[in-house]
S.K.: 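I have a structure I would like to understand better, so I am pasting it below and will then ask my questions one at a time.
Since the model is a prediction, treat every value here as computed from it, not as a measurement. Note on naming: letters A, B, ... go to the chains in the order of the sequence lines (proteins, then strands), and numbering restarts at 1 for each one.
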Amino acid sequence: MNTEIRDNILQDIREYLGDDLLELNMKQTYPLLLIPRKRIHDTCRFLKNTLHFAYLNEIIGADRFTSEDRFEVIYHLVSLRDRWRLFVKVLVDEEQPLLPTVSDIWKSANWNEREVYDMFGIRFEGHPDLRRIFLPEDFKYYPLRKEFPLLGVPGSLEMPNTTPDHD
Amino acid sequence: MELEKKISRKKPTYFREHQEALYKSLEDKHATVEVDKSDPLTTRMTLNMGPQHPATHGVLRVLMELDGEVITKCRLDTGYLHRGIEKMAENKTYQEFMPYTDRMDYISPYSNNVALCMAVERIAGIEIPERASYIRMICCELARISSHLLWLGTMIMDAGALSYFLWTFREREKIYDIFDEVTGHRFTVSHSRIGGVNNDFTPAAVEKIRKFIREFPDELKGWHKTLDRNRIFVDRNSGVGAIDHEEAIAIGLAGPSLRATGIAYDIRTFEPYLHYADMDFVVPTRTEGDNLARYYCRMEEMAESVRIIEQCFDKMPEKGPIRVDDAKKSYPSKDEVYYSMEGLIHDFMMTDTGVCPPAGAESYHAIEAPKGELGFYIQSDGTGHPWRLKINSPSFSNLQGLETILDGEMVADTVVLIGGMDPVMGDSDK
Amino acid sequence: MLAVVLLFLLPSAAVAVYAERRVSAFIQNRYGPNRVGPLGLFQPFSDVIKLFLKEDIIPEKANRFLYILAPMIPVSTAIITVAVIPFSEFVYITNLNVGVLFLLAVASLSVYGVTLAGWASNSKYSLLGGLRAAAQMISYELPMGVALASVILFASSLSVLEIVQSQELWWNVFRNPIGFVIFTIAAFAEANRAPFDLVEAEQELVGGFHTEYSSMKFGTFFLAEYMHVVVGSMLITVFFFGGYHLPFAGYWLPEMSPLWKSILDIHVFLIKTVFFAFVFIWVRWTLPRFKFNQLMRLGWTRMLPLAILNFAVIAIILYYIS
Amino acid sequence: MSLDRVMGEGYFTTTVDALTKWGRSNSVWPMPMGLACCAIEMMAFAGPKYDAARFGSEVFRFSPRQSDVMIVAGWCTYKMSHAIRRIWDQMPDPKWCIAMGACASTGGMHRCYGVVQGVDNFLPVDYYISGCPPRPESVINAILKIQDKIKEQQSLKLDS
């Protein structure tokens, strides 16, 4: 990855987002963009269609445990053409954990968004099939939130009946 | 029809809401195969495969709606192995968390160890000694061979030839022996350490590895001989689950499944880690994207792995440290611990607090595990525990693709397709 | 005579089970059962005792009558088949003049066992297994029948004994090799053995038609499968490998007294049967399974036309020779 | 019983009992409940180097109706526990259960919200294998212990 292409890409992103690019973190190996919630859908579309970030690797949820903008969702994008990764971060509020889905842009966002929903309770608007992916639907908590105890809430998941004739 | 419905929709007895949501989601799914609805004979059957089923490689549950033997639509239900490994990671030091990575993709634990170590090393800024990185590479490639061997055995066993499974297992036993000698355990090795590896190769281990890579190509040739021109095997796999490269990227396949569609996305060449940049090897790709292409990709990868191990032995320094000599970053050697006060204190501190990356740092590092890209995204808060550790597991991506691929195939194909995708539920369920 | 044959056939299934386990172990670089009795020979008996004494489960929603009836059918058809097989020139239960038709009729009966078992146990996996069985049997019955018809042309008789006697000089495998190949493949399919075992297809359908069967009902299916292996090898021997005849026996074998001839014949017959049973096992442990649509394609578009062509060619040649 | 009077007290029942024990103990067909890493070692147990077939246990029946001993290999989550219990309920008597590995026995290292801390919470376990994962030798040992257990318990004669 030569620096010229990289600078070009970053320049394109800056131009597209303008003032909405809240932060561009270049301290780590890969750039990390922080953008506002309302721009996420069109930015993702722009990144995929114009800058060839065709491969959505994963969607990461995290709990910052702060009073405002408690959760963050990070989109991990790969450009196979330019051999480069990009991380796009949005902050989500605890009171209203809602984000527009990107599963209409990348099909692979489907399960990743379900995973974030399962672990943090962040709902994705317009998701075709927003169910819990790992835990059963009957479970009412979101385990990766920091207040959830490691050993779980007793009785929140049912144990099988040990008398054989249940039906 | 009413009776059919009654039989197939028996009331679930446990996790009621979950089951109902799952069945409803199956009904809601847009079918990719158009079936003529006017024919009164097309009665549908919902077949539940798993979570305990011989071909689902663990505890995957496949819920499918059948038209005769053709799957019109299907849903995968995962999470039967979900134990909350990411939650546990937040409560462990980085080094303590390593044994858990062994149990993620339990077919190739060494790769997972290396992936975690390298992610932590990147975020904490640790450079590992040269000999250690060669040891890691050799063991990673052995793990790749061992993983692909299990894939080969189980996939052909699912297709009906049981003996291949035992033949490949015989070869796997040899790799287990090597790991037993190198690390002290058959397959949950936990051999890699942050800042190096636990112990050096013994001469016996080197001898065993050399013997293995000498003999293994012949075995590989034998399998090629019995399978490449086997009509039943080829007919069952060619054209089954075919997918083109654009679709493959869109549904986010990883590893050999993606490479079988023609995308040479291999982290070893995409952004080389360890010493893969110095190695001479090719990334096998195919363009068909079907199950047979996945077979060829994996088979050729095994041959490439042998070549990489040979080159590693050529380039590996004869002697040298195997761990960073910096007690703030890695465990001191056992000699130091037993015979010096400082060593003992450092050892204690490493176990108690461990490596502390700078506060607020976020970093990602991926390696090419046998199943695809395995990455760890770590957010640090300055303590020895990760604030958030996200595992990007290849099986998860591949299973997601499987849900699309299975539509329109036959029941008999599900087993070879699941085998060909090679998911490991411990990896995908986290 | 009947009792003797039955006594011979029933343990033969047990021996076949033992042989399968040892041969598969040999193929897979293992030992196989070797703890129970000398060389593990009593392993099948220990299995049978266990199966007899296990709890017998009939699923609640199953059709009880058919569920119980189904396991008996494959066993009885396997035993009935033996009625017309000659073990030597003088040792046979009966010599029906329509023996070949009888064999075909009985063989097509055995599919009822599998299909009924699949339907009656009210499980989806079983149902799929049963459906596959029905389709498979019908498609392979035809090539088998036509292949047998080409055999009948040489003997000009429907009696099994006369078919064997017609092979005294030249075995049918030399005179009719294509018929032999077709018949062997069809026999594999009839016995539901790999690569045609998609009826039970352990990896897809768990156990196929016998998924819901427990205890000795399952054991009966298990034994019936091996009986069909033995019977299948007997049929291949009888129709294509000269039955009890040594190779080209008519040219060099001297006249013998009926007693000695019978002893020799039975041994020759047994050796051939054992060889083909071995082939059955060998194939099972090395070949992958067919897919359902491939099986149909093979049966209808390859084997049936080939069998008919073979029949026609042989008929024309024989017409001009005579 | 008249036969008992002729042949001595309990002759018939004990003979049949011995035969039953012999049959049952020598053909213990496992139901492989392979959940996680231990499943791989369970495969190795059936594989060429360790060869479960020597003890008559190579017939891995995936249908619960036809198996005798359930080997729970790997950690068991709450979501999976229901399926395991259902399969156990479907197995015909007499049946035995082996908890293979630390996770199945006690929850092991996976002390977390998703994992049942030991399958004995809902299954009657006959033998626990230690190790994470246990080596195949330990699984063979467990099978032999199950065989011993079968030989020790009365199969037909319930009392006296």
S.K.: Within a radius of less than 6.0 Å around NZ of D:K145, do more than 12 heavy atoms belonging to other residues, nucleotides or ligands occur?
M.R.: no
S.K.: Are D:P94 and C:K54 side-chain neighbours, meaning at least one heavy-atom pair lies under 4.5 Å?
M.R.: yes
S.K.: Distance from C:D56 atom CG to D:R65 atom CZ, nearest 0.5 Å?
M.R.: 10.5 Å
S.K.: Is C:F222 close to D:Q66 at the side-chain level, that is, under 4.5 Å between some pair of heavy atoms?
M.R.: no
S.K.: If you measure from OG on D:S27 to CD1 on C:I49, what distance do you get to the nearest 0.5 Å?
M.R.: 9.0 Å
S.K.: Does CZ in D:F122 sit with more than 12 non-hydrogen atoms of other residues, nucleotides or ligands closer than 6.0 Å?
M.R.: yes
S.K.: I need the residue from C:H210, C:Q43, C:E55 with the largest number of non-hydrogen atom pairs under 4.5 Å to chain D.
M.R.: C:E55
S.K.: Looking at D:L19, D:D68, D:V28, which has the largest count of heavy-atom pairs under 4.5 Å with chain C?
M.R.: D:D68
S.K.: Donor-acceptor pair, D:R24 side chain versus C:L53 backbone, under 3.5 Å?
M.R.: yes
S.K.: Above 12 or not: heavy atoms from other molecules or residues under 6.0 Å from OH of C:Y31?
M.R.: no
S.K.: Considering only heavy atoms, which portion of D:S25 lies under 4.5 Å from any heavy atom of chain C: side chain, backbone, both, or neither?
M.R.: neither
S.K.: In terms of heavy-atom contacts, does CH2 of C:W285 have more than 12 from other residues, nucleotides or ligands at under 6.0 Å?
M.R.: yes
S.K.: What part of C:F52 is in contact with chain D, defined as an atom under 4.5 angstrom from a non-hydrogen atom: side chain, backbone, both or neither?
M.R.: neither
S.K.: Between C:F218 and chain D, with a heavy-atom cut-off of 4.5 Å, which part of the residue counts as in contact: side chain, backbone, both or neither?
M.R.: side chain
S.K.: So, D:N26 side chain and C:S46 main chain: donor-acceptor pair closer than 3.5 Å or not?
M.R.: no
S.K.: Kindly compute the distance separating OG (D:S63) from CD (C:E212), expressed to the nearest 0.5 Å.
M.R.: 6.5 Å
S.K.: For C:N29 and D:P48, which heavy atoms make the closest approach, and how far apart are they?
M.R.: O-CB, 3.7 Å
